[in-house]
Amino acid sequence: MTRTTTSALIATVVAAFLLASGLVAGTATSAAAWTTYTPNGGPSVNFVGGPLRFTNIPAAQDVRCTKVDLGGTVINPGLSRPYPSPMVSLTSTSSTGCADPLLGVCVLTHSGTWGLAMAGDSVSGVWPAVLTNVKLKVSCGPCTYTLVGSVDGDFAPSTFTPVTGPSGLTVAGGADSPTPACAVLRDIQVGDEIEIHGSWTNLPPVGSTPVTLTNP
C-alpha cells in the first residue's frame with residue numbers, strides 16, 4: 001500500500017468518526033428533556049368523571065359513582081412553569097349516583113383546593129400527571145371517612161386517567177379518622193390505600209376552551 005493510499009484511508013476513517021460523533025451529539029441534544037411546560041385554554045375547567053370506582057385495596061370494598069365532576073380554573077394560562085407546578089386549581093366536586101353495595105347511598109364532599117400538575121415530558125402525546133392536595137370526605141350511612149393525598153395518572157390531554165393500583169390516596173387519620181361503623185361494617189382502617197378505576201374527560205363549561213399543553 002502506498003503512502004498516498006494509506007493517508008487517504010486514514011482520512012476516510014477520521015471523517016467517519018467525526019460524522020458519527022456529530023450524529024451522537026445531535027441525538028443527545030434532540031432527546032434533552034424539557035424542565036417547564038405551558039397550559040393553554042380555560043379560563044374555567046370541568047373534568048367529567050364517570051363511571052368511577054373507588055376501591056379500598058386492603059378492605060376489598062368499593063364505592064361506585066355514576067359521575068364525579070371536578071371544577072376549577074386554569075392557573076395563569078399561556079405562562080410557562082416548572083414540573084410539577086400546578087396548571088389547574090380545582091375547587092369543587094359534583095357527584096351523582098354514588099353508593100356502597102352494603103351501606104347504600106354515599107355522598108362525596110370536596111375540601112380545600114386541589115391541583116392538577118404535569119410531572120414530566122409527554123410521550124406520544126401522553127403526559128405524566130398528578131392531582132395534588134386531594135381531600136375528599138366519603139359518607140355512606142353510618143360510615144364516614146376522608147381520603148387524602150395525591151392521585152398519580154396520565155393526561156392525554158383529552159382525559160386524565162389514574163394509575164392502576166394504589167393511586168396515592170389513603171384513608172386519613174386524626175380528626176378525619178373513620179367513624180367506628182366503618183371498621184365494623186366495612187373493615188376500613190386509617191392508612192388504607194385507594195385505587196381509582198375510570199377517568200376524567202376534559203370538557204370545559206360554556207365560554208371556556210379545553211386545556212392544552214406545550215413546551216416550554
Side-chain angles (χ1 to χ4, degrees), residues 44-73 88-117 129-206 210-211:
S44 296
V45 298
N46 185 36
F47 292 101
V48 178
L52 288 175
R53 176 161 51 99
F54 299 84
T55 299
N56 184 308
I57 297 173
Q61 63 87 9
D62 297 330
V63 169
R64 298 171 182 255
C65 296
T66 303
K67 193 176 181 184
V68 181
D69 296 350
L70 304 177
T73 56
V88 169
S89 174
L90 297 168
T91 55
S92 68
T93 297
S94 174
S95 60
T96 57
C98 295
D100 176 289
L102 177 65
L103 303 176
V105 175
C106 299
V107 177
L108 306 186
T109 305
H110 183 113
S111 293
T113 299
W114 308 359
L116 173 60
V130 59
L131 286 175
T132 62
N133 199 39
V134 175
K135 188 173 184 179
L136 186 67
K137 183 179 179 181
V138 183
S139 300
C140 307
C143 172
T144 296
Y145 56 96
T146 299
L147 305 179
V148 295
S150 60
V151 178
D152 294 322
D154 294 318
F155 190 66
S158 59
T159 57
F160 173 76
T161 304
V163 296
T164 300
S167 62
L169 288 182
T170 59
V171 176
D176 294 309
S177 289
T179 55
C182 294
V184 174
L185 299 175
R186 300 305 272 148
D187 193 27
I188 296 173
Q189 308 288 338
V190 172
D192 284 355
E193 294 182 311
I194 305 298
E195 181 175 13
I196 302 175
H197 307 264
S199 62
W200 280 273
T201 302
N202 181 9
L203 294 174
V206 175
V211 178

Exercise for the section: I would like to know whether Asp62 and Thr55 meet side-chain hydrogen bond (donor to acceptor under 3.5 Å, both in side chains); could you show each step before the answer? Expected result: CA-CA 4 Å; Asp62 297 330; Thr55 299; 2.6 Å; yes
Problem - pair Gln189-Val171: side-chain heavy atoms closer than 4.5 Å - result: no
Practice task
Give, for atom CG of Leu131 and atom CH2 of Trp200, the distance between the pair rounded to the nearest 0.5 Å.
Solution key: 6.5 Å
Handout entry: Cys98 and Cys65 SG atoms under 2.5 angstrom apart
Key = yes
Practice task
State, with a plain yes or no, whether a side-chain heavy atom of Val211 is found less than 4.5 Å away from one of Pro157.
Solution key: no
Problem - Any Leu108 side-chain heavy atom under 4.5 Å of Phe54 side chain - result: yes
Problem - Heavy-atom pair of closest approach, residues Pro162 and Ser199 - result: CD-CA, 4.3 Å
Problem - Validation row: Leu147, Val134 side chains within 4.5 angstrom (heavy atoms) - result: no
Completion exercise
Here the gap from Asp192 atom CG to Cys182 atom SG, rounded to the nearest 0.5 Å, amounts to 10.5 Å
Problem - Ser111 side, atom OG; Asn133 side, atom CG - distance, nearest 0.5 Å - result: 10.0 Å
Problem - For the student: nearest non-hydrogen atoms of Leu185 and Leu102, plus distance - result: O-CD2, 3.6 Å
Completion exercise
Rounded to the nearest 0.5 Å, the CD1 atom of Ile196 sits from the OG1 atom of Thr161 at a distance of 11.0 Å
Problem - Where Pro210 and Pro204 come nearest, the two heavy atoms and their spacing - result: N-CG, 3.5 Å
Fill in the blank from the handout: OG1 (Thr132) and CG (Leu116) are apart, to the nearest 0.5 Å, by 8.0 Å
Problem - Nearest heavy-atom neighbours spanning Phe160 and Val130 - result: CE1-N, 4.4 Å
Problem - Sidechain-backbone polar pair: Thr179 side chain, Thr144 backbone, donor-acceptor under 3.5 Å - result: yes
Problem - Side-chain heavy atoms of Ile194 within contact of Asn56, under 4.5 Å - result: yes
Practice task
Find the distance between CD (Gln61) and CG (Asp100) and round it off to the nearest 0.5 Å.
Solution key: 5.5 Å
Practice task
Would you indicate whether the side-chain heavy atoms of Ser95 and His110 approach each other to under 4.5 Å?
Solution key: no
Problem - Shortest non-hydrogen contact from Val45 toward Pro205 - result: C-CD, 3.8 Å
Problem - Minimum heavy-atom distance between Cys140 and Leu103, given as atom pair plus value - result: O-CD1, 3.5 Å
Practice task
Would you mind reporting whether Pro166 and Ile57 have side-chain heavy atoms less than 4.5 Å apart?
Solution key: yes
Problem - Phe47 and Phe155 aromatic ring geometry - parallel, tilted or perpendicular at 30°/60° bounds - result: perpendicular
Problem - Check: Val151 and Leu169 side chains under 4.5 Å, non-hydrogen atoms - result: yes
Practice task
Taking side-chain contact (heavy atoms from CB on, under 4.5 Å) as the test, write out the residues that go with Thr109, two or more places apart.
Solution key: Val107, Lys137
